[in-house]
Visitor: 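To start, I am sharing the structure in question, which I have written as C-alpha cells.
Each chain gets a letter, A, B and so on, in the order its sequence line appears, and its residues count up from 1. Quick note: numbers below take in every heavy atom, side chains included, and nothing from hydrogens, waters or symmetry partners.
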Amino acid sequence: EADIYQTPRYLVIGTGKKITLECSQTMGHDKMYWYQQDPGMELHLIHYSYGVNSTEKGDLSSESTVSRIRTEHFPLTLESARPSHTSQYLCASSDYASSYGYTFGSGTRLTVV
Amino acid sequence: GENVEQHPSTLSVQEGDSAVIKCTYSDSASNYFPWYKQELGKRPQLIIDIRSNVGEKKDQRIAVTLNKTAKHFSLHITETQPEDSAVYFCAAILNNNDMRFGAGTRLTVKP
C-alpha cells in the first residue's frame, strides 16, 4: 500500500548518542518534510526537501541534519542527542505536481535521557 | 511569508452541540485550505479541504467555509460525538505547494 513509513516508532537513548530517524514514502512524492511536535501541540517545520539533493532548513532552529539521496528516503540525523530533543518527529510528503495535501507518517516518539 | 492564525486553542462542547474553529491567513495567493484531525497518539489526517474557487464544502457532519475577501476560513462540526475529540489543524497552501499550519485547536466533546 502506498504510504509513508517512519521507524522506529519509539526510541529512548542516552545523551550524546548519534541517532537517525528513518522516513520512506512509496507514493513517488517529490516533496518531503520533517516536523517536530510535542504531543497535541503545534507543528514546527524543521527541514524540507523539494527533491533529490535538495534540502532546506525550516522555521524552527534544529541541531539535526537531513539528506535526500533517493526520492523515497528522507532520514533525519541528530549527531549528539540532548534531553531538549525529546519530542515527537513527524515526516510528511506531498506531490509537487498534482496534489496539494500532505500525507503524514505515524511519527517517532524520541526520549533522550 | 504566510501566517495562519487559529482560534480557539481549546474548545469544549457537549455531545450533540456544534463546534466551530476559525482560521485566518495573510497571503492572498493562498489557494488551498485543508483541515487535519489528529487523535491522541496518531498522525494528523486530512478530513476536509477547500479550494479558493469555492465558498463552502460539506461532508456529512463537517463543513468548511471560506471567505477570500476577509482571508478567513472555518471548520464546522455539527452533532458532535465523543470520537470527534482530537486536535484540529487548519492550513493554507501557496502556489508552490508549501503549507503553513495553524497552531491547533484541542476539541473535547463531553458525553
Visitor: Given B:S74, which partner from the list B:T24, B:I21, B:T65 fulfils the side-chain contact (heavy atoms from CB on, under 4.5 Å) test?
Guide: B:T65
Visitor: Of the listed residues (B:A91, B:G41, B:S9, B:P44), which shares the most heavy-atom pairs with chain A below a 4.5 Å separation?
Guide: B:P44
Visitor: Among A:G105, A:P39, A:G107, which has the most heavy-atom pairs under 4.5 Å with chain B?
Guide: A:G105
Visitor: In terms of side-chain geometry, is the basic nitrogen of B:D84 or B:R61 positioned less than 4.0 Å from the acidic oxygen of its partner?
Guide: yes
Visitor: Is A:L43 in contact with chain B via its backbone, its side chain, both, or neither, using a 4.5 Å heavy-atom distance?
Guide: both
Visitor: Find the distance between NE2 (A:H44) and OG (A:S87) and round it off to the nearest 0.5 Å.
Guide: 8.0 Å
Visitor: Is A:Q88 close to chain B through its backbone or its side chain, or both, or neither, when contacts mean heavy atoms under 4.5 Å?
Guide: side chain
Visitor: For A:E79 and A:T65, does a side-chain donor sit closer than 3.5 Å to a side-chain acceptor?
Guide: no
